[in-house]
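A short worksheet on the structure shown next.
Throughout, numbering of the chain's residues begins at 1 and tracks the sequence. Hydrogens, waters and symmetry mates play no part in the numbers below; they use all other heavy atoms, side chains included.
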Amino acid sequence: MKCVIERNGVKVFGKAIHALARIGDEIWLDPMMKGLAMRSVNSAHSAYACFLFSPLFFQHYSPDTGPAQDCGTVKCKLVMKSVLPLFRCLATIERNVDSCQISINLPDNRVIFQFHCRHGITKTHNLGFQESEALQAVFPSHLCPNVLKAQPRLLGDMVMHFPVSQEEITLSMSPLRVNLKSYYEDESDQMKAMHTEMSLDPSEFDYFQVGVDSDITFCLKELRGLLSFAESHGLPVSAHFGAAGKPVAFSVDDMVLEACVVLATLVHPESRTPSQATEAQAPAALRCGGVAEPPEGPCEADAGPPQAQGFPSAGELIASSQGSPVFCGAALMREFTRTGEDSDRLRTPRYTHRGRGITTPPSSKVRSLLFGAVSCEQGDGCTSMLPSLACSSDTEDGGEERASGEL
């Protein structure tokens, strides 16, 4: 691979490396027929960025590395600390550098950066690389229900109000407003830190599409690099996202380059689906009823105390807050004191319907997996390891037997 970047493009190329440096500690160079791609991913695999420069961006671009070498197989992984110093001072590069030539030397496993400066000065840097497959984010942004597109100046002014130490922010979107506020995980941080929140009207955006109301929380550090790159070149920024827990993609598109940053989001307890909320409430309602599971068929119980005393009979069903009948706990305890046979019969539904277990809601903080190449899909197997909110049947039975013995 060999490419030559002219003077005005060297600064743009350097700004892209600065944006990738905010993502991870390694950078991938992937020469392709459609252009040179530079990618980076953080150590937690929760942030991914890619810059694709088309052949029109370069003064000269040749992806071929040799007559017998397939250009699609050469993917160089470099250490970010070795590449970033070459483009550290962009103002000096813009003033002194006339062109930059980048080439890959396969026999020596070297990536060569040559800066042709004024007065005939040439600076050559040989950086060692490791041939490796580049990671790519598995995320179809065109399927996202919510889309925002705004000028970089607007987004830059919004982010400017948050302190540099702010790690995560929450973006809330509805048909009427777009809110952006700071997010703190620990309660101690909430007491010490300054809370910032701002609201924008949909008319402020170039494009505004709302499919579902959503509140997503993502890291701000990885986004600052892309916003700085877009603002320096006046490129609009688009955001594609959906519900909390799914990735959010920020992209920049131009005739000669494309840039995309994909970030994982947090799952908030209040953002669970209605089915998850119902499952979370069901165990608490059953505990209040005094019985782990109500029987499906009619229950034949002996005659209990008179209704005038304020206690229903043991076989009477009382409507719960969830709309399903449950037994009265007080009436059952009175039946336990009468005969052991009746108490055993009343406890039978507890074991008969154990198969109708209640699914516990997922963890309140789950980071989305973005990279199919390095992650595995976690399905129902993971949720089975979560702690159950319902009390153990054996524990309840033991408490009832002890109560019967004492009475």
Side-chain angles (χ1 to χ4, degrees), residues 15 19 22-23 46-49 137 139-185 189-190 193-254 258-273 365 367-368 370:
K15 291 285 292 185
R22 291 180 175 268
I23 301 295
S46 61
Y48 165 87
F139 177 63
S141 59
H142 63 280
L143 300 179
C144 295
N146 299 338
V147 181
L148 290 176
K149 186 175 183 180
Q151 294 298 318
R153 185 64 179 177
L154 174 64
L155 300 179
D157 292 342
M158 295 173 61
V159 174
M160 181 182 61
H161 292 85
F162 294 94
V164 180
S165 59
Q166 182 69 43
E167 296 182 358
E168 297 171 330
I169 59 176
T170 299
L171 174 64
S172 303
M173 186 175 180
S174 66
L176 300 179
R177 306 294 294 177
V178 175
N179 296 331
L180 200 64
K181 61 182 178 180
S182 55
Y183 174 83
Y184 297 97
E185 177 182 356
D189 296 340
Q190 297 180 6
M194 176 184 64
H195 293 264
T196 304
E197 182 175 358
M198 60 192 68
S199 179
L200 285 86
D201 191 82
S203 60
E204 299 287 341
F205 298 90
D206 297 345
Y207 184 79
F208 186 88
Q209 173 184 319
V210 181
V212 294
D213 295 351
S214 59
D215 299 318
I216 59 173
T217 300
F218 53 90
C219 294
L220 180 60
K221 172 188 174 183
E222 289 83 354
L223 181 60
R224 290 184 185 271
L226 179 66
L227 295 181
S228 177
F229 177 86
E231 188 173 357
S232 61
H233 301 92
L235 300 177
V237 180
S238 301
H240 298 76
F241 58 95
K246 297 183 178 181
V248 54
F250 296 90
S251 59
V252 172
D253 192 4
D254 192 40
E258 298 177 6
C260 179
V261 174
V262 184
L263 304 176
T265 62
L266 300 182
V267 177
H268 302 284
E270 60 272 11
S271 64
R272 290 176 296 183
T273 60
K365 183 179 296 183
R367 291 192 175 273
S368 301
L370 305 180

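Taking each heavy atom of Asp253 and Glu258 in turn, the nearest pair found is OD1-CG, 3.5 Å. In terms of heavy-atom proximity, Ser214 sits nearest to Phe241 at OG-CE1, 3.4 Å. In this structure, Leu263 and Cys219 approach most closely via the heavy-atom pair CD1-O, 3.5 Å. Looking at every heavy atom in both residues, Ile23 comes nearest to Ala47 through CG2-O, 3.8 Å. Across Val147 and Met173, no two heavy atoms sit closer than the pair O-CE, 4.0 Å. When all heavy atoms of Ala244 and Thr265 are compared, the closest pair comes out as C-OG1, 4.0 Å.
Ser232 places a side-chain N or O within 3.5 Å of a backbone atom of Phe229 that can act as its donor or acceptor partner. Asn146 places no side-chain N or O within 3.5 Å of a backbone atom of Asp213 that could act as its donor or acceptor partner.
In this structure the side chain of Phe218 reaches within 4.5 angstrom of the side chain of Ile169, judged on heavy atoms.
Once rounded to the nearest 0.5 Å, the distance linking CD of Glu231 with CG of Asp157 reads 7.0 Å. The distance from atom OG of Ser251 to atom NZ of Lys149, rounded to the nearest 0.5 Å, is 8.5 Å. Taken to the nearest 0.5 Å, the OG1 atom of Thr217 stands 8.0 Å off from the NZ atom of Lys181. Taken from CG in Leu227 to CD in Glu222, the straight-line distance is 12.0 Å, to the nearest 0.5 Å. Atom CG of residue Leu200 and atom CE of residue Met158 lie 4.5 Å apart, to the nearest 0.5 angstrom. Here CZ of Phe162 is found 12.5 Å from CD of Glu168. Values are rounded to the nearest 0.5 Å.
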Let me see the working for Glu167 and Lys221 under salt bridge (charged side-chain N to carboxylate O under 4.0 Å, His left out), right down to the final yes or no. CA-CA 6 Å; Glu167 296 182 358; Lys221 172 188 174 183; over 6 Å; no
Report the C-alpha separation of Leu155 and Phe250 in whole Å, then their side-chain angles, then the decisive distance to 0.1 Å, and conclude whether the side-chain contact (heavy atoms from CB on, under 4.5 Å) test is met. CA-CA 11 Å; Leu155 300 179; Phe250 296 90; 5.7 Å; no
Step by step, work out the side-chain contact (heavy atoms from CB on, under 4.5 Å) result for Thr196 and Gln166. CA-CA 10 Å; Thr196 304; Gln166 182 69 43; over 6 Å; no
Ring pair (Phe, Tyr, Trp, His ring centres under 6.0 Å), that's the test. Do Phe139 and His240 meet it? Break it down for me. CA-CA 10 Å; Phe139 177 63; His240 298 76; 8.4 Å; no
Walk me through whether Leu148 and Tyr207 qualify under side-chain contact (heavy atoms from CB on, under 4.5 Å). CA-CA 6 Å; Leu148 290 176; Tyr207 184 79; over 6 Å; no
Audit row: Asp201, Arg177, side-chain contact (heavy atoms from CB on, under 4.5 Å) steps and yes/no: CA-CA 5 Å; Asp201 191 82; Arg177 306 294 294 177; 3.4 Å; yes
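When only modelled atom types and interatomic distance are considered, Glu197 and Asn179 share no side-chain donor-acceptor pair under 3.5 Å.
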